[in-house]
J.: 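Shown below is the structure under consideration.
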Amino acid sequence: MARKIILDCDPGHDDAVAILLAAGSPEIDLLGITTVGGNQTLGKVTFNARQVMTIAGLTDVPLHAGCTRPLVRPMEVAADVHGDSGMEIHGFDLPDPAVEVAPGHAVDYIIDTVMAHEPGEVTLVPTGPLTNIALAVRKEPRIAERVREVVLMGGGYHEGNKTATAEFNISVDPEAAHIVFHEPWPLVMVGLDLTHQALATREVEARFAALGTRAGDFVVGLCGFFREAYRQAQGFDDPPVHDPCTVAYLIDPSVVSTVRAPLDVELRGGLTTGMTVADFRAPAPPGCTTSVAVKLDHGRFWDLVVGAVEGLV
Ligand code: BDR
Ligand code: CA
């Protein structure tokens, strides 16, 4: 049975690859895509989602726009790694979108979809700030019992990227993250410790180029901009492609090893606001519903992504 997911994202180069991976994988039933202000403004990331969905052939999948800004704090975008549009690209002409934004707020779409399915059927996959997910569970608390699992890209237990200790998605809206981390649903945090292993090397890029398809060329164009941006902003030789690690975990959990551990989010630290804290001191207590991703099978991960993109026309 394919995993039913809602992808809540802010495309974003790596969000785009997550959409392609979900679209091209029979193990995933992509119920809908929702957007949230993050890498760029809500208007820009929603436009980008429409373009990615057009390339992926996702014309039957609903797209709903969500929150424009974090719950409490001012909006902050990541133009340093995603550019002015939020999805700047090298050497590829992005199409005019053939996908429209559906009426209705993303938060209501998430609630209605989860409540319309059986308990344990729908998995939420957030790859941007957690604003939509936090509001959804506050508006309709019953979704916390009904969602099968939340598998999110965000946080880390050793390092940050927005600050020395905080990862971008959590740092932008730590209050939302705090809400989401404290609900009783099973939650897997796919953080920087894992996603910094998901490097798009030159060899990986060459595999997409060799496909000779529009979707393959799209990924090559994304990697081109992302490599340069990550080199300048954070000193990486090859860019870490964070967000599709969540989808890969759902396709094949053996690609992403996880460890159960209590998790929390720092809201008040002078230097550590937005830091995620994983407690590894002892085996996780009974009833602990949170896990962190620790080890990526790099080869299998890229096999999954290349295979999915290959299947898209
Ligand atoms: C996360 O922040 C965004 O820039 C990426 O899309 C990813 O979701 C990495 O810190
Ligand atoms: Ca993202």
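Read the numbers this way: they start at 1 and go in the same order the structure lists the ligands and their atoms.
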J.: Provide the number and element of each atom of ligand 1 under 4.0 Å from a heavy atom of Asn161.
T.: 9 (C), 10 (O)
J.: For atom 8 (O) of ligand 1, which protein heavy atom lies nearest, and how many Å away is it?
T.: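 The closest one turns out to be Asp243 OD1, 2.7 Å.
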J.: To the nearest 10 degrees, how large is the angle at the Ca ion (ligand 2) between Asp10 OD1 and Thr127 O?
T.: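 The two atoms subtend 80° at the Ca ion (ligand 2).
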J.: Taking only heavy atoms of His82 into account, list the atoms of ligand 1 that are under 4.0 Å away from them.
T.: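 In order of numbering, the contacting atoms are 3 (C), 4 (O), 5 (C), 6 (O).
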J.: By atom name, which N, O or S atom of Asp243 is the nearest to the Ca ion (ligand 2)?
T.: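 In Asp243, the heteroatom (N, O or S) nearest the Ca ion (ligand 2) is OD2.
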J.: Would you kindly say whether Glu88 and Ser85 are connected by a side-chain donor-acceptor distance under 3.5 Å?
T.: yes
J.: Are Arg148 and Glu121 close enough for a salt bridge, meaning some N to O gap below 4.0 Å?
T.: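 Judged by the 4.0 Å cut-off on N to carboxylate O distance, Arg148 and Glu121 do not form a salt bridge.
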J.: Can you find an N/O atom of Asp10 closer than 3.5 Å to an N/O atom of ligand 1?
T.: no
J.: Indicate if the distance from the Ca ion (ligand 2) to the nearest N, O or S atom of Asp15 falls below 3.0 Å.
T.: yes
J.: Would you tell me which option among Lys162, Gln40, His196, Glu167 has the nearest heavy-atom contact to atom 9 (C) of ligand 1?
T.: Glu167
J.: Under 4.5 Å between any side-chain heavy atoms of Pro174 and Glu266, yes or no?
T.: no
J.: Is it true that the side chains of Asp238 and Thr201 contain a donor and an acceptor less than 3.5 Å apart?
T.: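 Side chains of Asp238 and Thr201: no pair found under 3.5 Å.
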J.: When you measure from atom 7 (C) of ligand 1 to every protein heavy atom, which one gives the shortest distance, and what is it?
T.: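 Looking at atom 7 (C) of ligand 1, the protein heavy atom closest to it is Asp14 OD2, 3.2 Å.
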J.: Measure up the His242 and His196 rings against each other and bin them: parallel (under 30°), tilted (30 to 60°), perpendicular (over 60°).
T.: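 Because their plane-to-plane angle lies in the 30° to 60° range, the rings of His242 and His196 count as tilted.
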J.: Hey, are Thr46 and Thr35 close enough side-chain-wise for a donor-acceptor pair under 3.5 Å?
T.: yes
J.: For the residue pair His82 and Phe226, categorise the inter-ring angle as parallel (less than 30°), tilted (30 to 60°) or perpendicular (more than 60°).
T.: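 Rings of His82 and Phe226: tilted, as their planes differ by 30° to 60°.
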J.: Please work out whether any backbone atom (N, CA, C, O) or any side-chain heavy atom from C-beta onward of Thr195 is under 4.0 Å from ligand 1, and answer side chain, backbone, both or neither.
T.: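 Neither; nothing of Thr195 gets under 4.0 Å from ligand 1.
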J.: With heavy atoms only and a cut-off of under 4.0 Å, state how Thr127 meets ligand 1: side chain, backbone, both or neither.
T.: backbone
J.: Side chains of Asp173 and Thr131 only: does a donor on one sit below 3.5 Å from an acceptor on the other?
T.: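 Indeed, the side chains of Asp173 and Thr131 share at least one donor-acceptor pair under 3.5 Å.
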J.: Considering only the protein, which heavy-atom contact is closest to atom 3 (C) of ligand 1, and what is its distance?
T.: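 For this ligand atom, the closest protein heavy atom is Asn39 OD1, 3.0 Å.
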